[in-house]
Amino acid sequence: MSYTYDPENIFAKILRGEIPNDTVLETEHALAFRDIMPQAPVHVLVIPKGAYVNYDHFAQEASDAEIIGFNRMIGQVCRMENVSPGDGDTGYRLIANAGADGVQDVPHLHVHILGGRGLGRMLNPA
Ligand code: AMP
């Protein structure tokens, strides 16, 4: 399997500092920032800094350090945003859309962290 990454996608531009973002957390390997069109009171996107199109690309080609850094940031943001049920908060949902059926608009891996309201069942009826 080979993956093609478009370096002109909007999250690549955010990572290069070419367009602004509302940063929640930044580390060596990942960046978390608020979604520009939030779907819930908490709506944060977590992206790896490396050039990965989607989750399966990342899982196949990222280093162990990148994978650990990315995943630890997701958990950390859940706690920072006060949605972690482990901390007595009301919970959250993680979404990583990929490709056409996943309706992925931005071709740089991102995990949506959604919370702060009831989110309903996982999928709408097709
Ligand atoms: P997806 O359909 O999973 O690719 O979702 C892409 C998400 O990126 C959407 O929720 C958009 O609102 C969000 N988005 C697009 N441009 C920006 C931006 N410049 N800053 C923050 N979020 C953005």
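Order of listing sets the numbers, starting from 1, for every ligand and every atom in it.
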Original post:
Would a line drawn from the ring center of His57 to the ring center of Tyr5 be shorter than 6.0 Å?
Top reply: no
Original post:
Is the side chain of Glu61 donor-acceptor paired with the backbone N or O of Ala59 at a distance under 3.5 Å, no angle test?
Top reply: no
Original post:
Quick one: do Glu28 and Lys49 make a salt bridge, cutoff under 4.0 Å?
Top reply: no
Subject >> Check: Phe11 ring centroid to His110 ring centroid under 6.0 Å >> reply: yes
**OP:** State, without any angle test, whether Tyr3 and Asn54 hold a side-chain donor-acceptor pair at a distance under 3.5 Å.
**Re:** no
For ligand 1, which of its N or O atoms have a protein N or O partner closer than 3.5 Å, and how long is each gap?
| residue | atom | partner | partner atom | Å |
| --- | --- | --- | --- | --- |
| ligand 1 | 2 (O) | Val103 | O | 3.0 |
| ligand 1 | 2 (O) | Asp105 | N | 3.3 |
| ligand 1 | 3 (O) | Asn97 | ND2 | 2.9 |
| ligand 1 | 3 (O) | His110 | NE2 | 2.7 |
| ligand 1 | 3 (O) | His112 | NE2 | 2.8 |
| ligand 1 | 4 (O) | Asp105 | N | 2.7 |
| ligand 1 | 4 (O) | Val106 | N | 3.0 |
| ligand 1 | 4 (O) | His110 | NE2 | 2.9 |
| ligand 1 | 5 (O) | His110 | NE2 | 3.3 |
| ligand 1 | 5 (O) | His112 | NE2 | 3.4 |
| ligand 1 | 10 (O) | Asp35 | OD1 | 3.3 |
| ligand 1 | 10 (O) | Asp35 | OD2 | 2.5 |
| ligand 1 | 12 (O) | Asp35 | OD1 | 2.6 |
| ligand 1 | 22 (N) | Ile36 | N | 3.1 |

Original post:
When you measure from the side chain of Gln104 to the backbone N and O of Val106, does any donor-acceptor pair fall under 3.5 Å?
Top reply: yes
